[in-house]
Student: 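Mind looking over this structure? Questions follow.
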Amino acid sequence: TKENLKICCIGAGYVGGPTCAVIAYKCPTVTVTIVDLNEDRIAAWNSDNLPIYEPGLDDVVFACRGRNLFFSSEVDQAIQEADLIFVSVNTPTKKSGIGAGFAADLAYVESATRRIAQVATSSKIVIEKSTVPCRTAESMRAILEANSRDGIRFDILSNPEFLAEGTAIPDLMYPDRVLIGSLQTPEGIKAQNVLADVYANWVPKEKIITMGLWSSELSKLAANALLAQRISSINALSAICEATGADVDEVAYACGLDSRIGPKFLKASVGFGGSCFQKDILNLVYLSESLHLPEVAEYWKQVVTMNEYQKSRFLERIVKRLFNTLTNKNLAVFGFAFKKNTGDTRESAAITLVKHFIQEKANIHIYDPKVEDAQIEMDLCEPGIATPEQYKKSVTIFHDPYEAAKNADAIVVLTEWDEFKTLDYQRVYNNMHKPAFIFDGRLFLDTKKLQNIGFQVEVIGRQV
Ligand code: NAD
Ligand code: UDX
């Protein structure tokens, strides 16, 4: 790495924060400044209480913050000082206008790009870190070039991020691969090498792969689509298992032993959540439609349709087993995050399920070890989920699972937090209404043990 290299990251979110903190940690001679327009978020990054929960993140940040890692809301200054600029802003699904509900909203990427063009006083390598539709780098390049002044050069790279939340730090420390896309021109390849040298401080050379910009951009959408497709496939099979008496875990195990299939990402569940899978598939659907490939669009759309079906199937099973009515029943919801080891709730299956529990007039007791109370309230009071009045009437948040389950008719497990495996379920059972139900949306509790205590157990992908 060049001596005294300076890196700026625009966007201090789930990706920008951990990614650039690990760069600072692994490259002590590089100065990394992570900036965001959201001053509260920056203040939190500068405090003892980081704005996101991610195992191992505190150690990394506390080891280099103030040394070669800085968090700031002085966006312009950080841009001016940097050699390399990561653009790691949010790219949510568009809510209105052309492509609403499918296309990515690129307004944040564009505004960050324009800011770079406007304030830069020296040449920069601009790195697209956000997940974007194919050919966004070209738009960024057009904006940068149209606005650049004499003697200032902008090179653009695509460097999509493959970390998963909950395992971000190990994913970043030991990535399966680092992908860098660039224009295949001498300048493009030179820029590619500068970034590759940064990663080479800790990533084996053979894992740093380079290719053209568009392949790199599309690879990110493709990887997420393929991963989500595996989950929808196993979830589709879980419905067959429930109807036939086969066990989806056994089917997944048998299939996963085939080295061509592999064992990972075949765990049936109440449905995938998270900020990426649905958004990126819808993005791919929109891209396919724009390219006049309706059959391709329809194919990928099914992955999302199946995911919605999985959630509604689970809901129907709950209502049916609870004697076809949830009115005034007490439901303990265990887990609100979209997966374990994160406080993130974006697209969490819990939001959809609780929305329907509210509509069915149940009393809902939510417990999650990491999600903030305010986050749960914000998610459930979104338009289309519940009104603040409905929320107040129906939902109570607990900080103790035993309290949440007290006087409950049923427990609905929606996140696979480890601690749910080791609760004293006899104690839980004793304080519940009878018959006491457990609906395991993650297929990870000890069904036999629960049945021996007296629970009525329902598991996805298995008849009990
Ligand atoms: P996020 O919402 O947590 O963070 C984005 C941050 O960018 C926000 O704090 C926002 O205030 C800031 N921002 C927006 N516009 C800005 C601007 N013009 N100047 C300065 N700051 C600005 O989002 P995230 O989860 O970190 O995702 C970022 C990107 O990475 C998305 O494109 C996403 O698809 C992609 N991605 C996410 C994950 C994941 O696990 N979350 C994984 C891989 C890729
Ligand atoms: C995903 C991709 O894995 C990551 O590479 C990309 O950079 C961002 O999107 P993330 O959404 O953070 O990461 O978590 P992931 O572990 O992929 O889980 C997504 C959802 O799928 C979760 O709700 C999880 O519970 C669910 N899931 C995952 C299953 O239901 N079954 C599985 O076998 C795996």
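Remember, it's 1-based here, ligands and their atoms both numbered in the order they're listed.
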Student: Only heavy atoms of Cys276, strictly under 4.0 Å: list the atoms of ligand 2 that pass.
Tutor: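 Result: 8 (C), 9 (O).
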Student: If you have a sec, work out which protein heavy atom is nearest atom 12 (O) of ligand 2 and how many Å separate them, to one decimal?
Tutor: Glu165 N, 2.8 Å
Student: Between Arg41 and Ser73, does any side-chain donor sit less than 3.5 Å from a side-chain acceptor?
Tutor: no
Student: Determine, for Lys320 against Glu316, whether the closest basic-nitrogen to carboxylate-oxygen distance falls under 4.0 angstrom.
Tutor: no
Student: For atom 18 (N) of ligand 1, what's the nearest protein heavy atom and its distance?
Tutor: Ser111 OG, 3.3 Å
Student: Would you tell me whether Tyr309 and Gln302 have side-chain atoms, one donor and one acceptor, within less than 3.5 Å of each other?
Tutor: no
Student: Does any N/O atom on Lys129 come nearer than 3.5 Å to any N/O atom on ligand 1?
Tutor: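 No, since none of the N or O atoms of Lys129 sits under 3.5 Å from an N or O of ligand 1.
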Student: Please state which option from Lys340, Glu416, Arg442 has its nearest heavy atom closest to atom 24 (C) of ligand 2.
Tutor: Arg442
Student: Name the orientation class of the two ring planes belonging to Phe439 and Phe437 (parallel below 30°, tilted from 30 to 60°, perpendicular beyond 60°).
Tutor: parallel
Student: Between Phe272 and ligand 2, is there a nitrogen or oxygen pair with a distance under 3.5 Å?
Tutor: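 In this structure, Phe272 places no N or O atom under 3.5 Å from an N or O of ligand 2.
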Student: Between Val15, Asn224, Val89, Thr91, flag the one that comes closest to atom 29 (C) of ligand 1 by a heavy atom.
Tutor: Val89
Student: Looking at the rings of Phe398 and Tyr367, which for Trp means the six-membered one, are their centres under 6.0 Å apart?
Tutor: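 Ring centroids of Phe398 and Tyr367 are no less than 6.0 Å from each other.
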Student: Counting only heavy atoms, which portion of Asn235 has something under 4.0 Å from ligand 2: side chain, backbone, both, or neither?
Tutor: neither
Student: Under a 4.0 Å heavy-atom limit, does Glu161 contact ligand 2 with its side chain, its backbone, both, or neither?
Tutor: backbone
Student: Atoms of ligand 2 less than 4.0 Å from Lys339 heavy atoms?
Tutor: 14 (O), 15 (P), 16 (O), 25 (O)
Student: So, Thr121 and Arg149: side-chain donor and acceptor under 3.5 Å apart, yes or no?
Tutor: no
Student: Tell me whether ligand 1 is touched by Lys279 - counting only heavy atoms on the residue side and a distance under 4.0 Å.
Tutor: yes
Student: Can you tell me if Asp379 and Gln375 form a side-chain donor-acceptor pair at under 3.5 Å?
Tutor: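 Yes, Gln375 and Asp379 have a side-chain donor paired with an acceptor closer than 3.5 Å.
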Student: Given Asn90, Ile42, Val87, which one has a non-hydrogen atom that is nearest to atom 5 (C) of ligand 1?
Tutor: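 Looking at heavy atoms only, Asn90 sits closest to atom 5 (C) of ligand 1.
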Student: With only distance considered, is Arg41 within less than 3.5 Å of ligand 1 through an N or O on each side?
Tutor: yes
Student: Taking distance alone, with no angle check, do Ala268 and ligand 2 share an N/O pair under 3.5 Å?
Tutor: no
Student: Which of the atoms of ligand 2 are close to Ser269, meaning less than 4.0 Å from one of its heavy atoms?
Tutor: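 Matching atoms, with element in brackets: 29 (C), 30 (O).
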Student: Run the salt-bridge test on Lys220 and Asp280 with the 4.0 Å N-O cut-off and return the result as yes or no.
Tutor: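 A salt bridge is absent here (no side-chain N lies under 4.0 Å from a carboxylate O).
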Student: Name the closest protein heavy atom to atom 43 (C) of ligand 1, giving the residue it belongs to and the distance to 0.1 Å.
Tutor: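 Closest protein heavy atom to atom 43 (C) of ligand 1: Glu161 O, 3.2 Å.
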Student: For ligand 2, which atoms have a heavy atom of Leu163 less than 4.0 angstrom away?
Tutor: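 Near Leu163, meaning under 4.0 Å from one of its heavy atoms, ligand 2 has 4 (C), 5 (O), 6 (C), 7 (O), 8 (C).
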Student: Does this structure show an ion pair linking Arg153 with Asp155, if we count only N-O contacts that are shorter than 4.0 Å?
Tutor: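 Here Arg153 pairs with Asp155 in a salt bridge, since their nearest N and O are under 4.0 Å apart.
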Student: Can you name the atoms of ligand 2, numbered from 1 with element, that are less than 4.0 Å from a heavy atom of Phe277?
Tutor: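 Those of ligand 2 that fall under 4.0 Å from Phe277 are 1 (C), 2 (C), 3 (O), 9 (O), 17 (O), 19 (C), 21 (O).
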Student: For atom 21 (N) of ligand 1, which of Val132, Ile34, Leu37 has the closest heavy atom?
Tutor: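 Heavy atom nearest to atom 21 (N) of ligand 1 belongs to Leu37.
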Student: Do Asp368 and Trp417 have a side chain donor and acceptor closer than 3.5 Å?
Tutor: yes
Student: Any N or O on Ser88 sitting closer than 3.5 Å to an N or O of ligand 1?
Tutor: no
Student: Strictly below 4.0 Å, N to O, side chains only: are Arg317 and Glu242 in salt-bridge contact?
Tutor: yes
Student: For Lys220, state whether at least one heavy atom is located under 4.0 Å from any atom of ligand 2.
Tutor: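 Distance cut 4.0 Å: Lys220 passes for ligand 2.
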Student: Between Lys129 and Asn159, is there a side-chain donor-acceptor contact under 3.5 Å, judged purely by atom types and distance?
Tutor: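 Short answer, yes.
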Student: Considering only non-hydrogen protein atoms, determine which one is nearest to atom 23 (O) of ligand 1 and report residue, atom name and distance to 0.1 Å.
Tutor: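 The closest one turns out to be Arg346 NH1, 3.8 Å.
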Student: For residues Tyr25 and Asn68, is any side-chain donor paired with an opposing acceptor at under 3.5 Å?
Tutor: no
Student: State whether Lys124 and Asp83 are salt-bridged, where the test is any N-O pair (Lys NZ or Arg NE/NH1/NH2 against Asp/Glu carboxylate O) under 4.0 Å.
Tutor: no
Student: Tell me, which protein residue and heavy-atom name are nearest atom 6 (C) of ligand 1, and how many Å apart are they?
Tutor: Asp36 OD2, 3.5 Å
